[in-house]
Every structure is written in structure tokens, then in C-alpha cells.
Amino acid sequence: MSRLIGHMKKELSALAPSEILKFNQEIANIPDIVKLTLGEPDFNTPEHVKQAAIRSIENNESHYTNSRGIIGLRKAAANFLKQKYELDYNPETQMLVTTGATEAIYSALTAILNPGDTVIIPTPIFPLYIPVAMLNGAKVVFVDTSADGFVLSPEKLQAAIEANKETVKAVVLNFPSNPTGVTYKHDDLQKIADVISQYDIFCLSDEIYSELTYEGTHASMGTMLPEQTLVLNGVSKSHAMTGWRIGLLCGPADVIMEIGKVHQFAITSATTNAQVAAQEAFENGMDDGVKMRAVYQERRDLLLAGLAKAGFECASPNGAFYLFAKIPETLNQDSWTFCYDLAKQAKVAVIPGASFGPGGEGYVRISYAASTEDLTKAIERIQAYIVKQVLPTAGR
């Protein structure tokens with residue numbers, strides 16, 4: 001071990017590598033395994049978007065852009081958000097183009113957190129927010145939502161804020177949710193906004209799955225609490241562009257200016273031709289995600305029906321492309337044991353619910369961003385696995 005290891009950032013020693021990535025790597029080499037682990041669309045990026053990027057390369061658009069992103073992209077994104085969700089952001093002053101929502105999370109939390117601050121995070125949730133907060137010396141307070149349909153209740157939020165009143169700096173929301181697929185109805189979100197508005201704190205609202213909302217229209221926290229909310233979005237899920245790494249961070253102009261300093265020091269600017277492609281996606285592919293959403297909904301319903309026959313109960317999946325399925329109690333397995341056994345015995349890979357924080361144990365996250373053929377095969381294998389585990393003498 002290097003003799004300098006002890007001089008590295010002390011918060012790093014408290015962090016472990018991503019459990020999800022570790023599990024994914026460990027089961028990757030199982031022959032013929034059906035992987036329902038990845039949180040990315042299995043669709044190709046729309047052709048008109050790819051062609052825009054090709055033209056950008058051919059036009060030698062290969063230089064640094066404005067750190068905030070090319071103005072054409074910011075204008076197109078502002079219009080998209082206005083048309084879709086009634087959000088009203090000035091593209092000149094209230095938007096940053098980031099390298100995916102991941103960098104938006106990092107830059108935003110790094111800018112607003114000081115050591116000793118508290119971040120309130122409802123769980124189960126996409127775990128990235130947790131290490132970023134910890135790296136900035138903040139304390140994370142979890143609010144388990146599993147008893148409330150996997151949505152944050154205003155009462156529990158208020159109690160968490162009051163219990164940490166002297167140090168709380170931010171509340172994180174992620175909806176439609178990774179991993180549960182649950183989203184907030186407008187009135188429920190307004191109740192959350194009403195609580196946050198009583199305090200001088202930020203709301204980091206990760207809405208990257210907004211276009212994959214199956215019932216009604218996505219409601220954005222940015223419309224309800226614009227002076228305190230930082231809205232994250234982008235083209236990764238809506239336009240099947242995860243690898244292009246283009247995200248959006250929107251909020252009050254003075255706050256965005258400060259976050260922009262972290263963003264600039266970290267990346268300078270996002271890749272130029274990827275920005276041009278994203279501009280095309282927002283301008284001429286406003287409903288590209290709607291077409292994908294219809295297919296996802298069919299897959300969701302197929303998977304729901306198949307899992308129900310196998311004895312699984314699922315959270316109400318109204319968005320994204322995940323099911324959060326409760327492991328049948330008859331199996332008497334925790335989520336890690338179940339997932340490893342399912343991978344080895346049934347050759348189906350899903351993610352342990354315990355990876356997503358308090359309230360996740362006893363569940364698994366299943367991604368249906370996979371082909372219908374793979375989903376059908378997975379359902380058959382899961383059903384056979386359950387029969388073998390619960391009814392070992394079946395068929396005699």
C-alpha cells in the first residue's frame with residue numbers, strides 16, 4: 001500500500017465501491033444469463049439525433065463550448081421543459097448543460113454542502129446521492145418510505161427536518177423513482193413543497209425519468225417551489241442517450257451561477273458534438289420518448305403479470321422502467337441471497353433491494369429496459385425457480 005494513502009480525503013475511507021456494479025460484474029460471466037440489472041434504455045438513439053452529431057463532427061465542431069453549454073441547446077431544452085412540464089427557465093442564466101445527471105448531482109451537492117450539513121434522503125432510492133453528500137462532509141438522514149407506498153409523506157419529511165433543524169441543507173427527491181417506479185401525483189408533491197417552503201433549504205429534484213410517466217402528466221417540483229428547487233433532467237432516458245452524457249441542471253440564476261463554478265472546474269464543458277445531438281433531440285424529437293414509453297408500458301404489464309403468478313408483490317410502478325418486487329416470504333431469503341441464488345440457479349440477474357437504502361431489504365429491482373424476448377424468458381425462469389424452491393416435490 002502506498003505510504004501516501006493516509007493523506008487522501010478522509011471521507012473516501014468510509015465509502016465502498018458501488019454494490020450494484022460489483023454484483024453486476026460478479027454475475028456477468030454466468031452463461032446464458034438474462035440481465036435485468038441495467039438502468040438504461042435498450043433502444044438505439046433516434047436516427048435524426050445521430051445524424052446531427054455526425055454533421056457536427058464533419059463541420060469540425062470540436063472545440064470548447066461555453067461552460068454552461070451551447071446556447072442553442074439551452075434554448076431548445078428550455079422550450080422542451082416549458083412545453084412538457086410548464087417549467088419556466090431563462091436559458092441564459094438558469095441552466096447548465098452537464099455531463100449527464102450524474103455530474104449535475106455532484107456539482108449541485110458540492111456547491112451547496114459544507115462539512116457538518118445534513119441532507120435528507122427518502123429511501124429506497126438511487127444510491128449515488130449518498131456518497132456524494134458524504135464526500136462533501138455532510139451527514140445523510142434517511143427517511144424510510146416503504147410503509148407509505150414508497151412516497152415521502154409530508155409528516156415524515158417535517159419530522160426529519162425538525163429533528164435536524166440546525167444543520168439541514170437539502171432534501172433529495174427522485175421521481176419517477178429508481179428503483180421503485182413510483183412517482184408523485186401533483187397534490188402529493190405540492191404537500192412536500194409546502195413543507196420545504198417553511199425552511200431555507202434546497203430541494204434537489206432529480207426528474208431524469210420524467211418522460212417515462214405512464215399515468216397522467218409528470219408534475220415538476222420546479223413549478224411549485226422555483227426559488228428553492230434545483231431540477232435535474234436530460235436526454236439519457238427520454239431519448240436513449242445514456243452514453244452521450246448530456247444532462248441539465250436548472251434553478252435560480254444566482255444559485256446556478258455558483259454551481260457553475262464547480263461545474264466549470266470539474267469538466268470545463270460537455271462534449272461539443274453530444275451537445276449538438278441533444279439540441280436536435282429537444283428541438284425535433286420532443287416526442288421521441290413517448291414512442292419508447294408505449295413499449296415500456298407493454299413490457300411493464302407483461303412483467304407484472306408474470307411476477308404476480310410467481311407470488312411477487314410490486315410497488316405501484318407508474319414511471320421509469322423498473323419494478324420493485326417483494327420477495328415471496330415463503331423463500332425466507334434476504335435480497336442478496338435471493339439475487340445470487342437466482343443468478344446461479346435460474347440464470348436471471350436482478351438487483352438486491354438492500355442496495356437502495358432503508359426499506360429496500362426484502363425487495364429486488366427488476367429493469368424492464370430489455371427485449372420482450374428476454375423478459376419472457378426471465379419470467380419463465382423465475383416462475384420455475386419459485387416452484388422449485390417452494391414446491392420441491394411438484395410434478396411427482
Next item on the list: Please assess R293 against D287 for the test salt bridge (charged side-chain N to carboxylate O under 4.0 Å, His left out), listing each intermediate value before the final yes or no.
Entry: CA-CA 10 Å; R293 183 176 67 203; D287 290 327; over 6 Å; no

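- Side-chain atoms of T229 never come within 3.5 Å of backbone atoms of V231 as a donor-acceptor pair (strictly under, hydrogens ignored).
- Counting only distance, with no hydrogens or angles, the side chain of R300 and the backbone of P317 share a donor-acceptor pair below 3.5 Å.
- Listed for the H239 side chain is no donor-acceptor partner under 3.5 Å among the backbone atoms of D288.
- A donor-acceptor pair is defined here as one N or O able to donate and one able to accept, closer than 3.5 Å; such a pair exists between the side chain of D206 and the backbone of I208.
- Judged as a side chain to side chain contact (heavy atoms under 4.5 Å, CB included), and not counting sequence neighbours, the contacts of E380 are T376.
- For F324 and F150, the ring centers sit closer than 6.0 Å to each other.
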Margin query: For a salt bridge (charged side-chain N to carboxylate O under 4.0 Å, His left out) check, start with the C-alpha distance between E58 and R55, then their side-chain angles and the critical distance, and finish with the verdict.
Written below: CA-CA 5 Å; E58 291 176 340; R55 290 192 298 271; over 6 Å; no

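- Across K35 and I27, no two heavy atoms sit closer than the pair CE-CD1, 4.2 Å.
- A perpendicular orientation is assigned to the rings of Y184 and F175, their planes being inclined by more than 60° (bins at 30° and 60°).
- At least one donor-acceptor pair closer than 3.5 Å links the side chain of K237 to the backbone N or O of G39.
- Using a 4.0 Å cut-off between charged nitrogen and carboxylate oxygen, K169 and D200 do not count as a salt-bridge pair.
- Distance alone, capped at 3.5 Å, places no donor-acceptor pair between the T145 side chain and the D148 backbone.
- The side chain to side chain donor-acceptor pair (under 3.5 Å) test with D194 is passed by exactly one of Q198, K191, Q190: Q190.
- A donor-acceptor pair under 3.5 Å is formed between the side chain of D334 and the backbone N or O of T337.
- For the side chain to side chain contact (heavy atoms under 4.5 Å, CB included) with L73, the qualifying choice from E280, E283, Q275 is Q275, the only one to do so.
- Side-chain polar atoms of E361 and S335 form a donor-acceptor pair below 3.5 angstrom.
- Between the side chain of R68 and the backbone N or O of T93, at least one donor-acceptor pair lies under 3.5 Å.
- There is a side-chain donor-acceptor pair under 3.5 Å between N24 and T37.
- Side-chain atoms of D254 never come within 3.5 Å of backbone atoms of E258 as a donor-acceptor pair (strictly under, hydrogens ignored).
- Checked against a 6.0 Å centroid threshold, the rings of Y296 and Y214 do not count as neighbours.
- Contact between C339 and V350 at its shortest, heavy atoms only, is SG-O, 3.5 Å.
- A continuous path of hydrophobic side-chain contacts links Y322 to I379 [ILVMFWY only; heavy atoms under 4.5 Å].
- Using a cut-off of 4.0 Å between Lys/Arg side-chain N and Asp/Glu carboxylate O, K82 and E86 are scored as not salt-bridged.
- Distance alone, capped at 3.5 Å, places no donor-acceptor pair between the Q94 side chain and the Y89 backbone.
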